[in-house]
Amino acid sequence: CIVLDLDNTLWGGVLGEDGPSGIALGPQWPGSEFVDFQRELLDLQRQGILLALCSKNNESEVMEVLRTHPSMLIREPQLAAHRINWEDKASNIRSLARELNIGLDHMLLIDDSPHERAWVRDQIPELQVPELPPDPSMFANWVGSLPSLIVLHQTEEDERRTQQYHESRSRETFRGSV
């Protein structure tokens with residue numbers, strides 16, 4: 001599971017300061033490098049690697065971008081889970097692992113902040129937290145070359161993995177309401 005930060009990771013800028021129309025995300029620079037990165041992430045997702053969000057942001061603003069921004073490629077259906085709030089990332093990542101029922105050693109955090117990466121590494125030593133290239137134009141090639149994300153054999157089940165998590169969540173929600 002790739003756990004993704006948002007601001008300056010999936011788009012350029014800070015959503016809370018720049019607003020949905022002010023973030024760098026689109027067909028031209030600046031912004032095209034984030035579209036390329038999202039395209040590569042979606043390729044990995046189609047190979048069975050889960051995508052999750054973990055960001056310190058206002059959830060309603062993020063959901064607006066996910067649902068309506070014309071250049072946003074990663075949408076809600078491609079996400080296995082998300083934690084968008086003001087809690088610390090280590091707690092949120094642990095919560096994501098419980099929800100997805102996977103070990104922390106099967107997760108990888110991609111975050112632009114050296115401070116957040118260092119803090120999460122200290123809090124969750126088994127979590128993979130690679131150093132992100134300083135230039136967003138390198139993100140797409142970089143993530144595609146990470147050894148832990150190279151899929152050697154892909155099954156039909158891999159292609160449906162995110163959908164299976166959505167179905168499981170729906171069943172649990174229904175079970176809880178009955």
Side-chain angles (χ1 to χ4, degrees), residues 1-47 49-96 99-100 107-121 123-124 127-146 149 162-163 165-166 169:
C1 177
I2 302 172
V3 180
L4 298 155
D5 178 43
L6 294 170
D7 295 332
N8 292 312
T9 302
L10 277 192
W11 54 66
V14 177
L15 181 60
E17 296 172 9
D18 302 323
S21 61
I23 58 173
L25 184 64
Q28 269 77 44
W29 186 91
S32 58
E33 62 270 31
F34 297 100
V35 172
D36 293 342
F37 181 49
Q38 289 187 32
R39 190 173 291 115
E40 184 66 29
L41 289 166
L42 288 174
D43 285 345
L44 292 168
Q45 186 262 341
R46 283 187 285 276
Q47 294 174 49
I49 295 173
L50 300 175
L51 300 179
L53 301 180
C54 184
S55 178
K56 292 180 180 177
N57 255 305
N58 293 324
E59 186 173 14
S60 61
E61 293 173 358
V62 170
M63 297 317 260
E64 179 185 346
V65 171
L66 290 176
R67 293 173 183 151
T68 65
H69 195 288
S71 296
M72 189 74 190
L73 300 181
I74 295 176
R75 304 282 183 177
E76 286 177 88
Q78 285 88 30
L79 299 170
H82 67 272
R83 294 294 179 277
I84 303 164
N85 55 43
W86 297 98
E87 303 296 319
D88 70 89
K89 286 200 176 172
S91 296
N92 278 329
I93 291 168
R94 285 186 182 99
S95 174
L96 286 167
E99 178 181 336
L100 299 172
M107 300 177 87
L108 180 143
L109 173 65
I110 297 179
D111 193 312
D112 70 296
S113 167
H115 171 75
E116 287 283 2
R117 289 192 307 263
W119 189 82
V120 171
R121 268 189 210 110
Q123 299 298 307
I124 312 174
L127 182 72
Q128 297 178 60
V129 187
E131 289 298 314
L132 193 64
D135 181 355
S137 68
M138 299 169 64
F139 289 5
N141 287 333
W142 168 81
V143 76
S145 69
L146 290 173
L149 298 179
T162 300
Q163 181 182 347
Y165 275 92
H166 286 286
R169 187 175 304 113

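- Taking a cutoff of 4.0 Å between a charged side-chain nitrogen and a carboxylate oxygen, R121 and E131 qualify as a salt bridge.
- Listed here is the closest heavy atom pair of A24 and P30: CB-O, 3.9 Å.
- Side-chain contact between L66 and L79: present, with at least one pair of heavy atoms (C-beta onward) separated by less than 4.5 Å.
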*Please assess E59 against H82 for the test side chain to side chain contact (heavy atoms under 4.5 Å, CB included), listing each intermediate value before the final yes or no.*
CA-CA 10 Å; E59 186 173 14; H82 67 272; 2.9 Å; yes
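- To the nearest 0.5 angstrom, M138 atom CE is 12.5 Å from E33 atom CD.
- Two residues are said to be in side-chain contact when any heavy atoms from C-beta on lie closer than 4.5 Å; Q128 and L146 fail this criterion.
- In terms of heavy atoms, V35 sits closest to G26 at CG2-O, 3.5 Å.
- Between S55 and N57 the shortest heavy-atom distance is OG-ND2, 2.9 Å.
- Take F34 and apply the ring-ring contact (aromatic ring centres under 6.0 Å, His included) test, not counting sequence neighbours, and it matches no residue.
- For the atom pair CG (L127) and CD1 (I93), the distance works out to 5.0 Å, reported to the nearest 0.5 Å.
- Annotation for M63: atom CE counts as buried by contact number, over 12 foreign heavy atoms lying within 6.0 Å.
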When the side chains of residues 11-20 are checked against the rest of the protein, which donor-acceptor pairs come out under 3.5 Å, sequence neighbours left out?
unit_1: W11; atom_1: NE1; unit_2: D7; atom_2: OD1; d: 2.9
unit_1: D18; atom_1: OD2; unit_2: V14; atom_2: N; d: 2.8

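- For the side-chain contact (heavy atoms from CB on, under 4.5 Å) criterion with L4, the lone passing option out of D111, L10, L109, L108 is L10.
- The heavy-atom pair separating K56 from E116 by the smallest distance is NZ-OE2, 3.1 Å.
- Formation of a donor-acceptor pair under 3.5 Å by the Q38 side chain with backbone atoms of I74 is found in this model.
- Taking the side chain as every heavy atom from C-beta outward, C1 and L100 approach each other to under 4.5 Å.
- Judged by distance alone, with hydrogens and angles left aside, the side-chain atoms of Q78 form a donor-acceptor pair with the main-chain N or O of R75 at under 3.5 Å.
- Between M72 and L25, the closest heavy-atom pair is SD-CD2, 3.7 Å.
- Atom-to-atom distance recorded for N92:CG and K89:NZ is 9.0 Å, nearest 0.5 angstrom.
- Smallest separation of non-hydrogen atoms from R117 and P130: CD-O, 3.4 Å.
- In this structure, S32 has no side chain to side chain donor-acceptor pair (under 3.5 Å) partners at least two apart in sequence or on a different chain.
- Considering CG of L51 and CZ of R46, their distance stands at 10.0 Å, rounded to 0.5 Å.
- Taking CG from L42 and CZ from F37, the interatomic distance works out to 10.5 Å, rounded to the nearest 0.5 Å.
- In this structure, the separation between CG on D5 and SG on C54 is 8.0 Å, given to the nearest 0.5 Å.
- Between the side chains of S137 and D135, at least one donor N or O sits under 3.5 Å from an acceptor N or O.
- Side chain of Q45 to backbone of D43: no donor-acceptor contact under 3.5 angstrom is found.
- Side-chain contact between F139 and I110 is absent, with no heavy atoms from C-beta onward closer than 4.5 Å.
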